[in-house]
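Please read the structure below before turning to the comments.
Note: hydrogens, waters and symmetry copies are ignored here, and every other heavy atom, side chains too, is used.
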Amino acid sequence: MPLPKLPSKPATLLLAKDYPKASGANPIPFPAEEVAAPAPKKAATKAVAKTVKAKAVTPAAEPAVAKKTSKSKAAILVAPATPVVEAPAPARAKATPAARGKATPLKAEAPHPAKHKPVEVVLKSSTSRHADQIGITKLFVLDTNVLMHDPSSLFRFEEHDVYLPMMTLEELDNHKKGMSEVARNARQVSRTLDALVANTDDGAIEQGIPLSKLGNKDAKGRLYFQTRLQVADLPEGLPQGKADNQILAVVRSLEAEQPGRAVVLVSKDINMRIKARALGLPAEDYFNDHVLEDTDLLYSGIVQLPDDFWNKHGKDMESWQENKHGQSATFYRVTGPFVPSLLVNQFVFLEPKSGETPFYGQVKQINGKTAVLQTLRDYSHNKNSVWGVTARNREQNFALNLLMNPECDFVTLLGQAGTGKTLLALAAGLAQVLETKLYNEIIVTRVTVPVGEDIGFLPGTEEEKMSPWMGAFDDNLEVLNKSDGEGGEWGRAATQDLIRSRIKIKSLNFMRGRTFVNKFLIIDEAQNLTPKQVKTLVTRAGPGTKILCLGNIAQIDTPYLTEGSSGLTYVVDRFKGWSHSGHVTLARGERSRLADHASDVL
């Protein structure tokens with residue numbers, strides 16, 4: 001059978017393992033003075049020759065490849081240990097049929113993975129990095145959105161100075177009216193600036209006000225205001241009256257006035273930073289509010305024990321049984337080198353490959369290299385079902401152990417869509433409100449941030465206004481009510497009315513000043529909350545109240561909020577290791593095979 005005719009421009013798709021990996025945090029090559037010295041030419045030529053030989057290219061194509069590689073210095077700088085070099089189109093056209101035959105099995109290999117996790121990388125500008133290397137202080141020019149996002153940002157720049165353009169103060173004044181979070185932050189910043197300026201001479205303002213004046217010892221720099229009109233040449237065509245352009249003009253003017261000083265614009269507005277970079281001005285995002293630079297480092301609440309855990313930690317092991325809350329649990333006291341890396345209330349598991357019985361436990365105490373592990377209740381069994389719901393995987397079993405533990409006052413559940421966060425929380429709440437009567441009622445609240453266009457003002461009472469936002473809870477309640485099939489239609493209707501009477505839907509806008517006693521409080525979509533809003537909600541807890549925060553940090557709808565600065569990320573990181581809180585990251589979707597596949601490929 002003759003070989004199929006090759007196209008004039010062959011495809012250059014590579015296998016997943018053949019894709020080159022970036023050598024640093026920034027895949028974009030820096031200017032020549034910022035990049036490390038290139039590898040020696042001999043080593044590069046040797047690697048190229050090795051690759052060409054592996055590709056079975058004819059001798060006629062080899063000089064063309066070597067010539068192309070020698071010209072491309074940037075390719076040598078960022079190339080991995082075994083670079084993949086494609087021959088030019090003319091040289092590839094002369095390849096022998098045998099070589100073509102070797103190239104065809106590429107289709108049978110595993111395709112490039114479709115799912116890509118967006119990597120959140122915090123990068124400083126080149127001016128800022130250069131100032132850090134030399135050891136000089138920087139002058140940060142703040143955009144208005146930084147102050148409205150974090151009112152305490154003035155005191156977060158350590159030994160560096162802060163500069164406020166007059167247009168920033170003008171925009172703060174425009175946003176101070178109203179009851180929104182932005183308006184409250186604008187008023188708080190204005191009060192802070194008023195306290196800093198108080199009892200200061202006019203001449204002292206020009207020389208800078210110490211930021212440590214109000215007791216913030218970490219802020220060792222000075223605060224400067226724009227006290228005179230600064231004219232800078234911006235490209236023609238930029239609207240001069242626009243606030244962003246006036247702030248950019250101030251940055252350029254400061255660079256001209258203080259040539260030896262590192263002047264950096266700080267803004268949460270992506271377009272503002274792009275515009276500044278296009279004009280050759282250093283600009284950075286405000287990332288001092290980020291709990292973590294990489295969300296992969298976020299505490300998951302679960303750790304897998306090494307295979308030799310019992311051999312290394314079971315030498316002087318003690319075990320005993322206790323009866324707590326009507327159920328018996330086994331405790332193990334172990335000592336060894338793995339213990340210091342554990343945290344209180346963290347879940348541990350060991351699933352031997354030899355087919356032995358797996359071990360699932362929870363860390364209850366840690367003292368140096370000694371820890372106490374407690375076995376878990378198996379909620380995957382029907383006899384331990386919670387309101388007719390059983391755990392379908394390991395993480396759901398861990399979550400139900402937290403939700404049903406009366407000693408655990410604060411629980412956070414993270415997970416993608418369809419992992420069962422809302423269903424597990426509602427089932428645990430109904431079981432402890434209606435069956436064990438541990439709590440009086442369930443209170444449900446969430447942030448009202450629309451995904452699409454807003455539908456305007458809604459009529460009715462507070463609960464009626466919130467009901468369109470609670471569709472997820474209605475869906476889960478419908479699933480939980482279907483499990484009761486003994487009483488028929490009348491029995492189901494009576495049960496539904498009883499459940500509805502014990503579930504209250506509240507708005508976040510009216511939470512300040514309240515105290516919840518013996519309530520089961522569920523905060524849904526908590527990833528859209530700021531750290532300040534989360535603090536306001538969690539501090540509402542009175543005696544006997546349990547608070548649950550549910551969310552998916554990959555679906556944030558609040559402006560200027562990222563995975564690293566979300567309130568949900570904030571509480572997970574701050575509460576880890578506390579003996580009365582717990583966290584589980586749900587990994588596997590259990591909604592349907594369609595939803596699971598959509599989460600992977602879309």
>> In the structure I gave you, are the side-chain heavy atoms of Thr569 and Leu298 within less than 4.5 Å of one another anywhere?
In response: yes
> Within the side chain of Ser153, is there an N or O that forms a donor-acceptor pair under 3.5 Å with the backbone of His149?
Replying inline: no
> CG of Leu529 to CZ of Arg446: how many Å apart, nearest 0.5 Å?
Replying inline: 10.5 Å
> Between Thr412 and His583, is any side-chain donor less than 3.5 angstrom from a side-chain acceptor?
Replying inline: yes
>> If we count only N and O atoms by modelled type, under 3.5 Å, do the side chains of Tyr286 and Asp150 hold a donor and an acceptor together?
In response: yes
>> Could you check whether any side-chain N or O of Thr545 sits under 3.5 Å from a backbone N or O of Asn518, counting only pairs where one atom can act as donor and the other as acceptor?
In response: yes
> What closest approach, in Å, do Gln207 and Tyr224 show between heavy atoms, and which atom pair accounts for it?
Replying inline: O-CE2, 3.3 Å
> If we only count heavy atoms from C-beta on, is the Leu147 to Leu154 side-chain gap below 4.5 Å?
Replying inline: yes
>> Could you check whether any side-chain heavy atom of Asn401 comes within less than 4.5 Å of a side-chain heavy atom of Asn405, counting everything from C-beta outward?
In response: no
> Can you tell me how far the OG1 atom of Thr585 sits from the CG atom of Leu414, to the nearest 0.5 Å?
Replying inline: 5.0 Å
> Taking Asp143 for the side chain and Val266 for the main chain, is one N or O donor matched with an acceptor at less than 3.5 Å?
Replying inline: no
>> I'd like to check the side chain to side chain donor-acceptor pair (under 3.5 Å) partners of Arg228; sequence neighbours left out, ordered by chain and number.
In response: Glu206, Glu257
>> Run Gln527 and Ile553 through side-chain contact (heavy atoms from CB on, under 4.5 Å) and show every step you take.
In response: CA-CA 5 Å; Gln527 77 275 2; Ile553 57 174; 4.3 Å; yes
>> Treating Arg252 as the side-chain partner and Leu248 as the backbone partner, does any N or O pair qualify as donor plus acceptor under 3.5 Å?
In response: no
>> I'd like to know whether Val534 forms a side-chain contact (heavy atoms from CB on, under 4.5 Å) with Thr530, so could you lay out the CA-CA distance, the side-chain angles of the two residues, the decisive distance to 0.1 Å, and finally the verdict.
In response: CA-CA 6 Å; Val534 166; Thr530 64; over 6 Å; no
>> Between Arg277 (side chain only) and Ala283 (backbone N and O only), is there a donor and an acceptor less than 3.5 Å apart?
In response: yes
> What pairs with His580 under ring-ring contact (aromatic ring centres under 6.0 Å, His included), at least two apart in sequence or on another chain?
Replying inline: Trp578
> When you measure from the side chain of Arg222 to the backbone N and O of Gly208, does any donor-acceptor pair fall under 3.5 Å?
Replying inline: yes
> Could you give the distance from CG (Asp244) to CG (Asn271), rounded to the nearest 0.5 Å?
Replying inline: 9.0 Å
> What are the two closest non-hydrogen atoms of Gly420 and Leu586, and how far apart are they?
Replying inline: C-CD1, 4.4 Å
> With sequence neighbours left out, what residues match Lys138 under salt bridge (Lys or Arg N to Asp or Glu O under 4.0 Å)?
Replying inline: Asp132
> Hey, does Leu193 have a side-chain heavy atom less than 4.5 Å from the side chain of Leu169?
Replying inline: yes
>> I'd like to know if the side chain of Arg540 reaches the main chain of Phe516, judged simply by a donor and an acceptor atom lying under 3.5 Å from each other, with no hydrogens or angles considered.
In response: no
> Considering residues at least two apart in sequence or located in another chain, which fulfil the salt bridge (Lys or Arg N to Asp or Glu O under 4.0 Å) criterion with Asp161?
Replying inline: Arg261
>> With ring-ring contact (aromatic ring centres under 6.0 Å, His included) as the rule and sequence neighbours excluded, what pairs involving residues 520-545 come up?
In response: Tyr439-Phe520
> Do Lys421 side-chain atoms and Gly415 backbone N/O form a donor-acceptor pair below 3.5 Å?
Replying inline: yes
>> Is there a side-chain contact between Val444 and Ile442 in this structure, where contact means two heavy atoms from C-beta onward sitting under 4.5 Å apart?
In response: yes
>> Tell me every residue that passes side-chain contact (heavy atoms from CB on, under 4.5 Å) with Val197, counting only those two or more places apart in sequence or in another chain.
In response: Ile205, Ile209, Phe225
>> Tell me the closest heavy-atom pair linking Gln533 and Asn528, and the distance in Å.
In response: OE1-O, 4.1 Å
>> Please determine whether side-chain contact (heavy atoms from CB on, under 4.5 Å) holds for the pair Leu265 and Leu281, giving the CA-CA distance in whole Å, both sets of side-chain angles, and the decisive distance to 0.1 Å.
In response: CA-CA 8 Å; Leu265 172 66; Leu281 301 174; over 6 Å; no
>> My understanding is that only one of Tyr299, Phe410, Tyr570 makes a ring-ring contact (aromatic ring centres under 6.0 Å, His included) with Phe575; could you say which?
In response: Phe410
> Can you list the residues that meet the salt bridge (Lys or Arg N to Asp or Glu O under 4.0 Å) rule with Arg273, with sequence neighbours excluded?
Replying inline: Asp285
> Under the side chain to side chain donor-acceptor pair (under 3.5 Å) test, which residues partner Arg187, sequence neighbours left out?
Replying inline: none
>> Using side-chain heavy atoms (C-beta onward) and a distance below 4.5 Å, is Leu172 in contact with Met148?
In response: yes
>> Give me the atom names and distance for the closest heavy-atom approach of Pro165 to Val141.
In response: CG-CG1, 3.6 Å
>> Enumerate the side-chain hydrogen bond (donor to acceptor under 3.5 Å, both in side chains) contacts for residues 169-179, please, sequence neighbours excluded, ordered by first and then second residue.
In response: Thr144-Glu171, Asp173-Lys176
> Rounded to the nearest 0.5 Å, how far apart are CG of Leu279 and CD1 of Ile274?
Replying inline: 12.0 Å
> Does the side chain of Asp269 come under 3.5 Å of the side chain of Ser267 through a donor N or O and an acceptor N or O?
Replying inline: no
> Atom OG in Ser581, atom CD1 in Ile547: separation rounded to 0.5 Å?
Replying inline: 11.5 Å
>> Using only atom types and a distance under 3.5 Å, with no angle test, would you say the side chain of Gln346 pairs donor to acceptor with the backbone of Val363?
In response: no
What donor-acceptor contacts under 3.5 angstrom involve side-chain atoms of residues 211-220, with partners at least two apart or in another chain?
residue: Lys213; atom: NZ; partner: Leu196; partner atom: O; Å: 2.9
residue: Lys213; atom: NZ; partner: Ala198; partner atom: O; Å: 2.5
residue: Lys213; atom: NZ; partner: Thr200; partner atom: OG1; Å: 3.1

>> So which atom in Ile556 and which in Ser566 form the shortest heavy-atom distance, rounded to 0.1 Å?
In response: CD1-CB, 4.0 Å
> Is atom CD of Gln365 surrounded by more than 12 heavy atoms (other residues, nucleotides or ligands) closer than 6.0 Å?
Replying inline: no
> Can you find a side-chain donor-acceptor pair between Ser128 and His130 that sits under 3.5 Å?
Replying inline: no
> Ring centres of Tyr163 and Phe140 under 6.0 Å apart?
Replying inline: no
> How long is the gap from CD1 on Ile522 to OG1 on Thr445, to the nearest 0.5 Å?
Replying inline: 11.0 Å
>> Is it the case that atom CD1 in Ile270 sees more than 12 heavy atoms from other parts of the structure closer than 6.0 Å?
In response: no
> Among all residues two or more places apart in sequence or in another chain, which pass the side-chain contact (heavy atoms from CB on, under 4.5 Å) test with Ala554?
Replying inline: Asn552, Glu563
> Do side-chain atoms of Gln188 reach the backbone of Asn185 as a donor and acceptor pair under 3.5 angstrom?
Replying inline: no
>> Quick check: closest heavy atoms across Gly582 and Leu402, and the distance to 0.1 Å?
In response: C-CD1, 3.6 Å
>> Can you list everything that forms a side chain to side chain donor-acceptor pair (under 3.5 Å) with Glu395? Sequence neighbours excluded, please.
In response: none
> Passes side-chain contact (heavy atoms from CB on, under 4.5 Å), Leu550 versus Leu568? Steps please.
Replying inline: CA-CA 8 Å; Leu550 318 177; Leu568 185 56; over 6 Å; no
